Amino acid sequence: MIGGGPGGLYFAYLWKKRHPEDQVDLFEQNPADATWGFGVVFSDQALEFLRADDPETVDAIAPHMESWQNITLNLGGDSVAIDGVGFSSIGRLELLQFLQQRALAVGVIPRFDTQIQAIDQLNGHDLIVAADGLNSLVRRTFEGDFGTSLSYSSNKFVWYGTSKRFDTLSQTFVKTDRGAFNAHHYRYSPTMSTFLVECDHATWQAYGFAYKDVEQSKGVCEEVFADTLGGHCLVSNKSVWRNFPWVWNEHWSFKNMVLIGDALHSAHFSIGSGTRLAIEDAIALVKALESDAHLATALHRYQAARKPVVQKLVNAARTSAFWYEHFAQHMQLGLMDFAYSYITRSGRIDDSRLRAMSPAFMARYEAAKNAGDAA
């Protein structure tokens, strides 16, 4: 295993647990207690998927998670709740520590603070699983063989935390005299929340963020979202402005190397599926490897079974990201039309599903529409 994130740790744990006679080495370039984020979020559907394959892990993590059943949208001082959209969250570091403990308990050999400089360092291993993230060494070394493509969203985003506790996963949209901002925020512990700030490139330029340091950028975001933060500060952890990278690989394995998680594909944070996809990749890879003793055939099975599922979700993520690249235009809508546009943005939810999933919201939306004041 190269990479000690959730996907790498989970694959190592799952394989060693089921195949205790195998030697599983895990290499992670960072210390065991390092992480570059705050909270991670799982939909109820994602947790149920994991529970079906590994109920023991879900039952162990669940008591440490924050959970809610609504999404809250805040626009122009008004708010609307979209019911029936369940999520749970946990601190990224807490999740990593939990998975590290499980991997150690089954005999995985973790090597933290160990950077793999060249694939030749791993000669002698039967299988190399690359879970080394967006900048994957394995993928970059053989990107032609993997059929790698890389592009970037036009929006800018920066990832903070805050001690402000939010009741639900929330989206706050704020218009200023120099442009529009959006914040994705949700609690991931009793005392901390994720607070991700996003804006389009024109707004980013208008504020001169390219010439501001981390503290100056944080100060501007605290000012823009002062009402939302309610006197709380933002917390930085290598919080720099970035464009979201779209990573995709047509071929998921090469020789005895296979990609999972962000090394293989990326899904926009607006659908909150990066960690979920990495863990599901790990599960699918274990199943494929167990289905055929011939490595090449097993890796082909992994791609054939998993790729259509991932492609569908990534397509939805791209549609969602496109909505966010134009969120300033959507902000011109009335609150209920804006909320309807938001919840249907990925193209996966129609009115009938929305009525079943979010009856309270749809009743309010349709009442406003019939009254002629949704727009």
Side-chain angles (χ1 to χ4, degrees), residues 1-33 42 46-64 90 93-116 119-133 136-138 252-261 263-264 275-306:
M1 296 299 310
I2 308 179
L9 283 166
Y10 191 72
F11 176 84
Y13 155 72
L14 204 57
W15 187 263
K16 184 65 174 176
K17 180 184 177 184
R18 296 164 71 137
H19 303 272
E21 72 284 359
D22 287 358
Q23 178 177 329
V24 179
D25 300 321
L26 186 145
F27 301 90
E28 167 54 48
Q29 64 179 346
N30 295 310
D33 59 352
F42 296 87
L47 285 178
E48 286 308 306
F49 181 94
L50 178 57
R51 186 185 297 277
D53 282 278
D54 188 3
E56 181 184 345
T57 295
V58 175
D59 289 343
I61 295 175
H64 304 279
I90 188 171
L93 181 57
E94 187 174 7
L95 176 63
L96 289 175
Q97 291 172 336
F98 176 84
L99 292 174
Q100 288 169 11
Q101 292 166 6
R102 292 185 89 75
L104 283 166
V106 297
V108 173
I109 303 171
R111 297 191 172 113
F112 296 104
D113 282 313
T114 303
Q115 186 168 13
I116 301 299
I119 307 304
D120 291 348
Q121 291 177 241
L122 301 177
N123 287 346
H125 288 83
D126 299 296
L127 176 67
I128 299 170
V129 181
D132 46 345
S136 169
L137 168 69
V138 173
W252 291 21
S253 62
F254 175 62
K255 295 183 178 179
N256 67 332
M257 296 167 284
V258 61
L259 307 175
I260 68 171
L264 174 60
T275 302
R276 165 199 172 178
L277 281 174
I279 290 175
E280 290 179 358
D281 287 347
I283 293 171
L285 181 56
V286 167
K287 289 180 177 179
L289 291 169
E290 291 179 337
S291 71
D292 199 301
H294 189 265
L295 181 60
T297 305
L299 295 179
H300 177 76
R301 283 178 184 265
Y302 163 60
Q303 175 172 324
R306 182 79 179 130

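By convention here, the first residue in the shown sequence is residue 1. Everything quoted here is computed from the prediction, not taken from an experiment.
With sequence neighbours excluded, the residues forming a salt bridge (charged side-chain N to carboxylate O under 4.0 Å, His left out) with Asp281 are Arg306, listed by chain and number. Taking the side-chain contact (heavy atoms from CB on, under 4.5 Å) definition, one finds that Arg51 meets it with Glu48, Pro55, Val58, Asp59, sequence neighbours left out. With sequence neighbours left out, the salt bridge (charged side-chain N to carboxylate O under 4.0 Å, His left out) criterion links Glu21 to no other residue. Listed by chain and residue number, Asp53 satisfy the salt bridge (charged side-chain N to carboxylate O under 4.0 Å, His left out) test with Lys287 (two or more places apart in sequence, or in another chain). Every residue meeting the side-chain contact (heavy atoms from CB on, under 4.5 Å) condition with Ala296, not counting sequence neighbours, appears here in chain and number order: His294. For Leu99, the side-chain contact (heavy atoms from CB on, under 4.5 Å) partners are Pro6, Leu9, Tyr10, Leu95, not counting sequence neighbours.
Taking CZ from Phe11 and CG from Leu285, the interatomic distance works out to 4.5 Å, rounded to the nearest 0.5 Å. Considering CD of Gln97 and NE2 of His64, their distance stands at 11.5 Å, rounded to 0.5 Å. The CG atom of Asp25 sits 9.0 Å away from atom NZ of Lys16, with the distance rounded to the nearest 0.5 Å. A distance of 6.5 Å separates CG in Asn256 from CG in Leu295, rounded to the nearest 0.5 Å. Put simply, OG1 on Thr297 and NE2 on His300 are 8.5 Å apart, with the number rounded to the nearest 0.5 Å. In this structure, Asn30 CG and Asp113 CG are separated by 7.5 Å, a value rounded to the nearest 0.5 Å.
Between Phe42 and Leu50, the closest side-chain pair of non-hydrogen atoms is not below 4.5 Å. Looking only at side-chain heavy atoms (C-beta outward), Leu259 and Val129 stay at 4.5 Å or farther from each other. A 4.5 Å side-chain heavy-atom check between Asp54 and Ile283 finds every atom pair outside the cut-off. Taking 4.5 Å as the limit, every side-chain heavy atom of Trp252 sits out of range of all side-chain heavy atoms of Leu299. The closest side-chain heavy-atom distance from Phe98 to Thr57 is below 4.5 Å. Proximity of Val106 to Tyr13: side-chain heavy atoms (C-beta onward) are separated by under 4.5 Å at one or more points. Annotation: side chain of Leu289 is in contact with side chain of Leu127 (closest heavy-atom distance under 4.5 Å).
Residues Glu28 and Gly5 share a closest heavy-atom pair of OE1-N, 4.2 Å. Considering all non-hydrogen atoms of both residues, Ser253 and Gln303 come closest at N-OE1, 4.5 Å. Here the closest heavy-atom approach between residue Ala282 and residue Gly7 is recorded as CB-O, 3.9 Å. The heavy-atom pair separating Arg102 from Ala60 by the smallest distance is NH1-CB, 4.0 Å. Taking both residues in full, the closest heavy atoms of Ser136 and Asp132 are given as OG-OD1, 2.7 Å, listed atom of the first, atom of the second, then distance. Heavy atoms only, all atoms of each residue included: Ala131 and Ile260 are closest at CB-CG1, 3.7 Å.
A donor-acceptor pair under 3.5 Å links the side-chain atoms of Thr114 to the main chain of Phe112, judged by distance alone.
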